[in-house]
Number of protein chains: 2
Amino acid sequence: MTAEEPLLRRRRGPSMADVARLAGVSGQTVSRVANGRHNVDEATRDRVLAAMREVGYRPNSAARALRNGQFRSIGVIVFELSSFGNTRTLDAIATAATSSGYAVNLIPVLNATQGTLSGAFDRAFNRLGEQAVDGVVILIEAHQLDEAEVQLPDGLPVVVVDSNADFDYPIVDTDQAQGARLATEHLLDLGHRTVWHLGGPAKSFAASRRLRSWRQTLMDRGCPVPPVLTGDWSAGSGYEAGRELAADPDVTAVFVANDQMALGLLRALHEHGRSIPGDVSVVGFDDMEEAAHFWPPLTTIRQFFAEVGRRSVDALISEIQAGEHHHQPVAVATELVIRESTAPPRS
Amino acid sequence: MTAEEPLLRRRRGPSMADVARLAGVSGQTVSRVANGRHNVDEATRDRVLAAMREVGYRPNSAARALRNGQFRSIGVIVFELSSFGNTRTLDAIATAATSSGYAVNLIPVLNATQGTLSGAFDRAFNRLGEQAVDGVVILIEAHQLDEAEVQLPDGLPVVVVDSNADFDYPIVDTDQAQGARLATEHLLDLGHRTVWHLGGPAKSFAASRRLRSWRQTLMDRGCPVPPVLTGDWSAGSGYEAGRELAADPDVTAVFVANDQMALGLLRALHEHGRSIPGDVSVVGFDDMEEAAHFWPPLTTIRQFFAEVGRRSVDALISEIQAGEHHHQPVAVATELVIRESTAPPRS
DNA sequence: GCGAGTCATGTTGACGTAAACATCGGAGGA
DNA sequence: TCCTCCGATGTTTACGTCAACATGACTCGC
């Protein structure tokens, strides 16, 4: 059974030893070349480099990680169905991490209520149970995390992208309050008597921040505070809420907690024959790509997801490398983008 | 300088040896428990488990990977700005991989034309240069990959999510041709004389498949083939194309190569006062969440991204584990979703 | 009652890398 | 001329895990 042999050596690439043998040097010298050390003779370096190319050498990151006690890898915990914003943030995180020389490990969490992976089973599959990353960025809303079956090993550096200030970890997020204020004030400045609000799910910290800030702004300006509608971030829930709002002639301005719900709301308004912005003005939140092409193009609050992603990676890496904990939350400012869904109320 | 000591042992968690010492067994027994082997006495197992808990043991995946010559990790190569569909596919890939016990490594590629990472610099950061994954799923359109600075080490199992049949790797993708046919026939069946087409970028294989199939369908039915408009998948480009189309009264039916462009097209049509579906019918492609709430709700071709993701992971894992290469491309069928953007032409 | 078989457990070594230390030849200073 | 220092290179070892083999206790069948 000599056929066994190739099978055995399968998927085990050339190692330093192979390169060393070919180049006629010691493994250590190969290591030095691979790591770009300067204390290697020019001629030797070239010889080693040539040998590497010849055998197709690639450093084995497992051995490296074992040796160094570091993985140069960060985990990103995301909820199974990544929402629009998370996707953009994730993108930025991946880019930032990569250019800092860190790999990115995607760790999807399954909602505990929906899966029934139990005991040993889930343990094997929970990548965090295994030491394989140097730190993690949590991209899920905290309340979802609570329900999920991840528990964070302690001692692992963590950065949370969320809006809950009462967290034991460093936090990076969009400045929800500032954004909501921007939206509300824009509508008020246009001359609307007050502003309705379609909020996100009650358990979301981001949603409640936006809601609180909207209410505060109204109160600061001495405007009446209308009852709040609540959606679940989806266009469908925006549509449902929109049907209620469309029926009420008092409603002339709505601040919707995200663009997707705003889309649904727009549709409901159209169906009821209410013109936008003639009869009612609408402001969204996020500035997703498509918002500029809604009908009408949506005035909205632009979030800088890329910035959030970048900042969270920076924070995580400095925590990993320096052990720094700066519990000072990072709030990334938003920007009002005025398009065609807002106008002064009909006089 | 005794302060050095804690620094030294920092970030090096407890190992099997620590657990073994505490439980009064050998490291091997700890290993057996950790791997759920059955040849361990009940009492011993409990003792070990308790010890693990006490010291907070987590298996070191680097050591494990080194030992086994496998990483239990797959890489997913994505383009920097992940498009809508890719995001959904990525999600499915992550879920499928996780539940097969594989970790997911996100590998963003930077377009070569835009970054100027050179030489040693990029080598250090290209995660594929380092052996750290057992295989990769390529989620980028092939033409983008060509321009990018990734080169695949050979011997690495690869699955491509794309529509190019002339590939040296296994392929999984949506059945673009079937989808485009569905869309075109729907419009024709409604009674339209012919169907215009707003396609995706010329270099995209998916786009050209859809285009070819649209044209073929028209020819099969003996309909005239109108000139093709080309966009870049974005709503903005859909809007531009829409302005042209809206000006032409002959246009009564348009098949748009994705939902985002369809959104822009819808907007352009509204601006020109053309009613949908009264004056012109529109069919999209993708069935993104929001499509149901466009104005009017969009008739579109639903892609099953989750299925594509799952199938590609399956294919990759079987390639990794069994070394199977089945170059038989996998095509996932689509489905026509009829909503309110299509109707018979005005008689 | 004794060899064969079974099962829990222990010991050894190797996976690929890189830090720490060792070696060696030559440059420079007295 | 001899000693020191430095830079290039080699040797040893440990990182944590687990397969392979070794050991020893105990059971079973005849």
Side-chain angles (χ1 to χ4, degrees), chain A residues 4 7-49 51-52 55-72 124 129-132 134, chain B residues 4 7-49 51-52 55-72 124 129-132 134:
Chain A
E4 209 175 309
L7 259 176
L8 233 160
R9 91 162 84 248
R10 192 182 64 98
R11 176 127 327 128
R12 205 119 205 178
S15 72
M16 283 196 166
D18 300 307
V19 176
R21 202 170 312 118
L22 183 61
V25 298
S26 75
Q28 186 55 216
T29 299
V30 177
S31 168
R32 286 190 260 256
V33 172
N35 291 293
R37 292 291 148 72
H38 293 295
N39 51 348
V40 179
D41 189 77
E42 197 61 41
T44 310
R45 173 187 309 277
D46 289 348
R47 203 143 34 89
V48 171
L49 251 16
M52 284 180 169
V55 303
Y57 171 74
R58 290 184 293 146
N60 180 315
S61 68
R64 202 170 256 189
L66 177 58
R67 183 72 247 265
N68 299 337
Q70 276 208 106
F71 299 85
R72 295 217 65 113
E130 235 173 80
Q131 198 165 84
D134 299 318
Chain B
E4 209 175 308
L7 260 176
L8 235 160
R9 91 164 85 249
R10 191 181 65 97
R11 173 123 332 122
R12 201 116 207 178
S15 72
M16 282 193 165
D18 300 307
V19 176
R21 202 170 313 120
L22 184 61
V25 298
S26 75
Q28 186 54 217
T29 298
V30 178
S31 168
R32 285 191 262 255
V33 172
N35 291 293
R37 293 289 148 72
H38 293 295
N39 51 349
V40 179
D41 189 78
E42 196 63 42
T44 310
R45 172 187 310 278
D46 290 347
R47 204 144 33 90
V48 171
L49 251 16
M52 283 182 171
V55 302
Y57 171 75
R58 290 185 295 146
N60 180 314
S61 69
R64 207 170 252 188
L66 177 59
R67 180 75 244 269
N68 300 335
Q70 277 208 107
F71 298 84
R72 293 216 68 104
E130 230 171 82
Q131 197 164 82
D134 299 318

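Chain identifiers are assigned alphabetically (A, B, ...) following the order of the sequence lines, protein sequences preceding nucleic acid strands; residue numbering begins at 1 within each chain.
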K.L.:
Could you tell me if the side chain of A:Val33 sits less than 4.5 Å from the side chain of A:Met52, heavy atoms only?
P.N.:
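Yes, side chains in contact.
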K.L.:
Starting from C1' on D:dT17, measure out to CG on B:Asn35 and report it in whole angstrom.
P.N.:
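Rounded to the whole Å, the gap is 9 Å.
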K.L.:
For the OG atom of A:Ser61 and the CG atom of A:Leu66, what is their distance to the nearest 0.5 Å?
P.N.:
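It comes to 11.0 Å.
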K.L.:
Name the nucleic acid region contacted by B:Val25, choosing base, sugar-phosphate or nothing; use a 4.0 angstrom heavy-atom cut-off, strictly under.
P.N.:
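Sugar-phosphate contact only - B:Val25 comes under 4.0 Å of backbone atoms but never of a base.
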K.L.:
Taking atom P of D:dC5 as reference, at what distance in whole Å does atom CG of A:Asn39 sit?
P.N.:
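It works out to 20 Å between those atoms.
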K.L.:
In whole Å, what is the span from the CG atom of B:Leu66 to the C1' atom of C:dG13?
P.N.:
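Spelled out: CG on B:Leu66 to C1' on C:dG13 is 13 Å.
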K.L.:
Which side-chain N or O atoms in residues 40-47 of chain A pair as donor and acceptor under 3.5 Å with protein atoms at least two apart or in another chain?
P.N.:
{"from": "A:Asp41", "atom 1": "OD2", "to": "A:Ala43", "atom 2": "N", "distance (Å)": "3.1"}
{"from": "A:Arg45", "atom 1": "NH2", "to": "A:Arg37", "atom 2": "O", "distance (Å)": "2.8"}
{"from": "A:Arg47", "atom 1": "NH1", "to": "A:Ala23", "atom 2": "O", "distance (Å)": "2.6"}

K.L.:
Might you point out which heavy atoms bring A:Ala62 and B:Phe71 nearest each other, and give the distance in Å?
P.N.:
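That closest heavy-atom pairing would be CB-CE2, 3.6 Å.
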K.L.:
CE/B:Met16 to CD/B:Gln28 distance, rounded to the nearest 0.5 angstrom?
P.N.:
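Between atom CE of B:Met16 and atom CD of B:Gln28 there are 8.0 Å.
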K.L.:
Give the angle between the helix axes at the two ends of the helix from C:dG1-D:dC30 to C:dA30-D:dT1, taking five base pairs at each end and rounding to 10°.
P.N.:
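Inter-axis angle at the ends, rounded: 40°.
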K.L.:
Could you give the CZ-to-P distance, from A:Arg37 to D:dG7, as a whole number of Å?
P.N.:
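That distance rounds to 15 Å.
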K.L.:
Where along residues 14-21 of chain A does a heavy atom come under 4.0 Å from DNA chain C, residue by residue in number order?
P.N.:
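Under 4.0 Å from DNA chain C: A:Ser15, A:Met16.
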K.L.:
Considering all heavy atoms of both residues, which atom of A:Val19 and which atom of A:Val48 are nearest to each other, and what is their separation?
P.N.:
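Scanning both residues, the minimum pair turns out to be CG1-O, 4.0 Å.
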K.L.:
Tell me whether the side-chain N/O atoms of B:Ser31 come closer than 4.0 Å to OP1 or OP2 in D:dA19.
P.N.:
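No.
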K.L.:
Nucleotides 11-14 of chain D: which of its N/O atoms have a protein N/O under 3.5 Å away?
P.N.:
none

K.L.:
Among D:dC18, C:dA8, C:dG16, which nucleotide has an atom closest to any side-chain atom of B:Asn68?
P.N.:
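Closest of the options to the side chain of B:Asn68: D:dC18.
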K.L.:
Between the protein and nucleotides 22-27 of chain D, list the N/O to N/O atom pairs that are separated by less than 3.5 angstrom.
P.N.:
none

K.L.:
Give the rounded distance in Å between these two atoms: CG of B:Asp41 and P of C:dG10.
P.N.:
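After rounding, the gap between these two atoms is 11 Å.
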K.L.:
Under 4.0 Å between any heavy atoms, over every strand shown, what does B:Arg45 touch: base, sugar-phosphate, or nothing? Just pick one.
P.N.:
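Nothing, no heavy atom under 4.0 Å.
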K.L.:
Report the residues that fulfil salt bridge (charged side-chain N to carboxylate O under 4.0 Å, His left out) with A:Arg21, sequence neighbours left out, ordered by chain and then residue number.
P.N.:
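For A:Arg21 the salt bridge (charged side-chain N to carboxylate O under 4.0 Å, His left out) partners, ignoring immediate neighbours, are A:Asp18.
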K.L.:
Rounded to the nearest 0.5 Å, what separates atom CG in A:Asp134 from atom CZ in A:Arg72?
P.N.:
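Separation between the atoms: 8.0 Å.
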K.L.:
Please report the closest heavy-atom contact between B:Val55 and B:Pro14, naming both atoms and the distance.
P.N.:
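Scanning both residues completely, I find the closest heavy atoms to be O-CG, 3.2 Å.
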K.L.:
Between D:dG16 atom C1' and A:Asn60 atom CG, what is the distance in whole Å?
P.N.:
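Rounded to whole Å, this separation is 14 Å.
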K.L.:
Which comes earlier along DNA chain C counting from the 5' end, the contact point of B:Ala63 or that of B:Glu42, where each point is its nearest nucleotide?
P.N.:
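This one resolves to B:Glu42.
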K.L.:
Could you check how far CZ of B:Arg64 sits from C1' of D:dA19, rounded to whole Å?
P.N.:
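Whole-Å distance recorded here is 14 Å.
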K.L.:
Separation of A:Asp46 atom CG from D:dT9 atom C1', in whole Å?
P.N.:
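Computing the A:Asp46:CG to D:dT9:C1' distance gives 16 Å.
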K.L.:
First locate atom OG of B:Ser15, then atom CZ of B:Arg58, and finally report the distance between them rounded to the nearest 0.5 Å.
P.N.:
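Reported to 0.5 Å precision, the distance equals 13.0 Å.
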